[in-house]
S.K.: 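Take this structure first; my questions come after.
Remember, predicted model here, so these are calculated numbers, not experimental data. Just the heavy atoms: all of them, side chains too, but no hydrogens, waters or symmetry mates, feed the values below.
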Amino acid sequence: MFKFFLKQVPKLSIVAVALIFGSYCGGDSGETGVSEGVFEGLITSVEVRTLLDLESIEITDDAGTSLVFHAGGQRFVEFTPSHVREHMLQGLGVIVTYRKSDNGTLYIVAIRDRPP
């Protein structure tokens, strides 16, 4: 029985650490109400910093809600400004995972193509 317990302790420790870390990183922030979310729709505006860097994008969902997402200096390899403009011109949807800062600014965490 004792040997069984010793074999299970490392597994239980890993599970406990994963649960604690997951609840710390993934839950709602008590101060802002939302720390991370997902939004999908069509790109309606693109602001660029350089040929390879986005400044911000505006996305409008099917219900007509528009949100502006900032790149925050992050570079998105598969979503260069020209690729984002292509999406906008062709009416191809995107899915943005974002985080909300304490001052309400929405920052892009990841961006990907919306399935047709």
Side-chain angles (χ1 to χ4, degrees):
M1 177 73 131
F2 187 69
K3 288 181 181 179
F4 174 77
F5 179 74
L6 288 177
K7 288 182 181 179
Q8 297 304 317
V9 168
K11 293 177 187 173
L12 293 174
S13 299
I14 291 170
V15 170
V17 169
L19 289 173
I20 291 168
F21 184 74
S23 65
Y24 176 75
C25 294
D28 286 345
S29 167
E31 296 175 281
T32 60
V34 177
S35 61
E36 194 167 288
V38 176
F39 192 80
E40 64 180 274
L42 300 176
I43 299 170
T44 54
S45 176
V46 179
E47 297 292 325
V48 299
R49 182 181 307 184
T50 68
L51 288 174
L52 297 175
D53 297 319
L54 288 171
E55 182 67 36
S56 65
I57 58 174
E58 181 178 7
I59 299 177
T60 303
D61 69 3
D62 295 335
T65 303
S66 291
L67 297 177
V68 175
F69 300 94
H70 298 271
Q74 186 176 353
R75 184 173 284 177
F76 303 96
V77 178
E78 293 183 20
F79 276 85
T80 61
S82 62
H83 183 78
V84 173
R85 280 197 175 116
E86 184 179 328
H87 269 262
M88 183 175 73
L89 294 173
Q90 293 182 4
L92 302 172
V94 295
I95 301 171
V96 173
T97 303
Y98 66 91
R99 68 176 171 80
K100 186 176 183 181
S101 70
D102 289 337
N103 67 4
T105 304
L106 305 177
Y107 289 100
I108 301 168
V109 173
I111 184 170
R112 64 184 193 272
D113 294 326
R114 182 171 71 176

S.K.: Test of understanding: with side chain to side chain donor-acceptor pair (under 3.5 Å), list the residues that count as partners of Ser56, not counting sequence neighbours.
M.R.: none
S.K.: Could you tell me which residues satisfy side chain to side chain contact (heavy atoms under 4.5 Å, CB included) with Val38, sequence neighbours excluded, listed by chain and number?
M.R.: Ile95, Thr97
S.K.: Check the hydrophobic clustering (I, L, V, M, F, W, Y; side-chain heavy atoms under 4.5 Å; chains of links allowed) and say if Val96 and Phe76 are grouped together.
M.R.: yes
S.K.: Just jot down the side chain to side chain donor-acceptor pair (under 3.5 Å) partners of Ser66, sequence neighbours excluded, or say none.
M.R.: Thr60
S.K.: List the atom pairs, donor and acceptor, that lie under 3.5 Å between side-chain atoms in residues 105-116 and the rest of the protein, sequence neighbours left out.
M.R.:
from	atom 1	to	atom 2	distance (Å)
Thr105	OG1	Asn103	OD1	2.9
Asp113	OD1	His87	NE2	2.8

S.K.: In terms of side-chain geometry, is the basic nitrogen of Glu55 or Arg49 positioned less than 4.0 Å from the acidic oxygen of its partner?
M.R.: yes
S.K.: Given the rule that I, L, V, M, F, W and Y join up when any side-chain heavy atoms are under 4.5 Å apart, are Ile43 and Leu67 in one cluster?
M.R.: yes
S.K.: Under a 4.5 Å side-chain heavy-atom rule over Ile, Leu, Val, Met, Phe, Trp and Tyr, are Val48 and Val84 clustered together?
M.R.: yes
S.K.: Once you round to the nearest 0.5 Å, how far does OG1 of Thr44 lie from CD1 of Ile59?
M.R.: 8.0 Å
S.K.: Pro81 and Thr50: which non-hydrogen atoms are nearest, and at how many Å?
M.R.: CG-O, 3.7 Å
S.K.: Which heavy-atom pair separates Met88 from Val46 by the least distance, and what is that distance?
M.R.: SD-CG2, 4.1 Å
S.K.: Check step by step if side chain to side chain contact (heavy atoms under 4.5 Å, CB included) holds for Phe79 and Ile57.
M.R.: CA-CA 11 Å; Phe79 276 85; Ile57 58 174; over 6 Å; no
S.K.: Check this for me: Leu89, atom CG, are more than 12 non-hydrogen atoms of other residues, nucleotides or ligands nearer than 6.0 Å?
M.R.: yes
S.K.: Can you tell me how far the CG atom of Leu54 sits from the OG1 atom of Thr80, to the nearest 0.5 Å?
M.R.: 7.5 Å
S.K.: How would you list all residue pairs meeting side chain to side chain donor-acceptor pair (under 3.5 Å) that involve residues 68-78, not counting sequence neighbours?
M.R.: Asp53-Arg75
S.K.: With salt bridge (Lys or Arg N to Asp or Glu O under 4.0 Å) as the rule and sequence neighbours excluded, what pairs involving residues 83-94 come up?
M.R.: none
